[in-house]
J.: 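Have a look at this one before I ask anything.
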Amino acid sequence: MKKSLSPLLKLTNFELSRLSKFLFTLMGLTVLANLVGYIYIPMKFMDKINKFTIESSATTEEVLNSLGTLSFYDVTMSLWIVAPIAIGVSGLLFYSVFIWYREWFGKNTFAYRLLMLPVSRMTLFFSKFIVIFIGIFTLISTQIVSLFIGYPIVSAIVDSTYFSSLGLIESMYMHPLFLILFPLEPNYFLILIVGATVLLVMFTLILMERSFASKGILFGIGYAMIALAIVLFPLFLSDIFNNNYLIYSSELVIIEVVLMIIVSISSLFTSRYLINNKITV
């Protein structure tokens, strides 16, 4: 067991070192953009409050009636917080593709040197898969830490009179993106299964293209469409049979999980066949 894990850990560490610069860039962008949002938005709000108070000689009650309060949730919904998340997600999706294709870049293709290593080729596959998830959870952790730093900054800038009593945790639960990305709900494992399935299918498509060139693109598109159809089919059963009570929501979740596991296992076996038999050194 220890011997079988050693190559995986070494390759994962190698892939992680290659990801590190890109990952640190995304982390730095996230922290920097967030800090700007934590400072700029509350300062802009307080300037608006002060300007309205002076120009209108308004009382605190009149100001609240006209401009309301600022909550930390309002700050998290700004582009300063949302945009880095979108960039991080799209960046890692891009890297999921790049992590394979860079091996074939240049005159001396590094892919062949990797494939000639005295380890199972699926070890290389799993190392790339694990590294993407490490990157995802690292960015999620960075964002969570950023929020805990940002809340006291915002509350310190905004006068308590004009700062909503909505807390940090409440703001996180209200945010649609945070509910998906952060482990806030018991069904978070569903998000992980969806992410793992998408990543495995994506890896399979890449290996199909690498194995069959232009034909592989068509094979990959066909495979992706079949996988998507399998996963989405239960969602339309009620409409097909015109019966909203055909499948209960809890049963639908179980069916979807089973189907995604089937698609994931299918992708693993397909990838194993391709990387062992179709991609040659």
Side-chain angles (χ1 to χ4, degrees), residues 22-94 133-195 198 249-250 253:
F22 182 66
L23 183 59
F24 286 142
T25 301
L26 292 177
M27 291 169 65
L29 175 65
T30 297
V31 172
L32 181 61
N34 286 182
L35 285 175
V36 171
Y38 297 147
I39 297 171
Y40 172 72
I41 294 174
M43 287 187 68
K44 183 180 179 182
F45 178 76
M46 287 309 298
D47 285 342
K48 192 176 180 181
I49 292 285
N50 294 331
K51 186 177 180 182
F52 182 82
T53 302
I54 294 171
E55 291 179 353
S56 305
S57 299
T59 63
T60 300
E61 186 178 349
E62 290 172 334
V63 173
L64 288 171
N65 289 334
S66 298
L67 302 179
T69 58
L70 180 74
S71 69
F72 189 65
Y73 171 76
D74 297 325
V75 178
T76 61
M77 287 298 290
S78 69
L79 279 177
W80 295 106
I81 311 300
V82 174
I85 295 175
I87 293 172
V89 170
S90 58
L92 284 175
L93 282 174
F94 164 78
F133 266 85
I134 290 175
I136 291 170
F137 285 120
T138 300
L139 282 182
I140 290 174
S141 300
T142 301
Q143 185 63 70
I144 292 174
V145 171
S146 170
L147 292 173
F148 277 91
I149 294 173
Y151 186 81
I153 294 176
V154 174
S155 61
I157 295 174
V158 180
D159 189 290
S160 58
T161 306
Y162 305 109
F163 189 57
S164 171
S165 59
L166 193 67
L168 169 60
I169 303 300
E170 292 171 298
S171 300
M172 291 169 67
Y173 271 97
M174 289 176 62
H175 203 291
L177 276 179
F178 295 165
L179 280 175
I180 295 173
L181 297 175
F182 297 169
L184 299 173
E185 298 286 348
N187 60 356
Y188 184 68
F189 78 96
L190 292 174
I191 305 298
L192 296 180
I193 293 174
V194 171
V198 170
S249 57
S250 58
V253 169

J.: Which value, rounded to the nearest 0.5 Å, describes the distance between L64 atom CG and E62 atom CD?
T.: 10.5 Å

J.: Determine yes or no for a side-chain-to-main-chain donor-acceptor pair under 3.5 angstrom, with Y173 supplying the side chain and L184 the backbone.
T.: yes

J.: Take atom OH of Y40 as the centre, draw a 6.0 Å sphere, and report whether it contains more than 12 heavy atoms from other residues, nucleotides or ligands.
T.: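 No.
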
J.: So which heavy atom on T69 is nearest to which on D74, and how close?
T.: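 Smallest heavy-atom distance, with atoms named: O-OD2, 3.9 Å.
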
J.: Distance check, rounded to the nearest 0.5 Å: T59 atom OG1 versus N65 atom CG?
T.: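 Separation between the atoms: 8.0 Å.
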
J.: May I have the step-by-step check of side-chain contact (heavy atoms from CB on, under 4.5 Å) for V75 and W80, ending in yes or no?
T.: CA-CA 8 Å; V75 178; W80 295 106; over 6 Å; no

J.: In Å and rounded to the nearest 0.5 Å, what is the CE to OG distance from M174 to S71?
T.: 6.5 Å

J.: Run the ring-ring contact (aromatic ring centres under 6.0 Å, His included) test against F189 and tell me which residues pass, sequence neighbours left out.
T.: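 With sequence neighbours excluded, F189 shows a ring-ring contact (aromatic ring centres under 6.0 Å, His included) to no residue whatsoever.
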
J.: Once you round to the nearest 0.5 Å, how far does CZ of F45 lie from CG of L67?
T.: 6.5 Å

J.: Is the shortest side-chain heavy-atom distance between F24 and M27 below 4.5 Å?
T.: yes

J.: Does the side chain of V154 come within less than 4.5 Å of F163's, by heavy atoms?
T.: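 Touching, per the 4.5 Å side-chain cut-off.
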
J.: Name the orientation class of the two ring planes belonging to F137 and F133 (parallel below 30°, tilted from 30 to 60°, perpendicular beyond 60°).
T.: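 Ring orientation of F137 relative to F133: tilted.
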
J.: Rounded to the nearest 0.5 Å, what's the gap from CG on L26 to OG1 on T142? Could you check?
T.: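 L26 CG to T142 OG1: 9.5 Å, rounded to 0.5 Å.
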
J.: Measure from the side-chain N and O atoms of S66 to the backbone N and O of V63, and report whether any donor-acceptor pair falls under 3.5 Å.
T.: no

J.: Evaluate the criterion side-chain contact (heavy atoms from CB on, under 4.5 Å) for residue pair F178 and L147; output intermediate values, then yes/no.
T.: CA-CA 11 Å; F178 295 165; L147 292 173; 3.7 Å; yes

J.: Provide the closest heavy-atom pair for M77 versus P176 in the form atom of the first, atom of the second, distance.
T.: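 Heavy-atom minimum between the residues: SD-CD, 4.2 Å.
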
J.: Verify the distance criterion only: is there a donor paired with an acceptor across the side chains of T53 and N50 at less than 3.5 Å?
T.: no

J.: Scan L139, I144, I191, I85 and name whichever one has a side chain to side chain contact (heavy atoms under 4.5 Å, CB included) with L181.
T.: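 Of all the options given, the one that passes is I85.
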
J.: How far apart are the closest heavy atoms of G135 and L23, and which atoms are they?
T.: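 Scanning both residues completely, I find the closest heavy atoms to be O-CD1, 3.7 Å.
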
J.: Is there a side-chain contact (heavy atoms from CB on, under 4.5 Å) between I49 and D159 once you walk through the steps?
T.: CA-CA 10 Å; I49 292 285; D159 189 290; over 6 Å; no

J.: At what distance, to the nearest 0.5 angstrom, does OG of S57 lie from CD1 of I54?
T.: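 The OG atom of S57 sits 9.0 Å away from the CD1 atom of I54.
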
J.: When you look at F72 and L166, which way does the side-chain contact (heavy atoms from CB on, under 4.5 Å) test go after all the steps?
T.: CA-CA 7 Å; F72 189 65; L166 193 67; over 6 Å; no

J.: Is there a side-chain contact between Q143 and S146 (heavy atoms, below 4.5 Å)?
T.: yes

J.: Does the side chain of Y73 reach to within under 4.5 Å of the side chain of T76, using non-hydrogen atoms?
T.: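 Y73 vs T76: side chains touch.
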
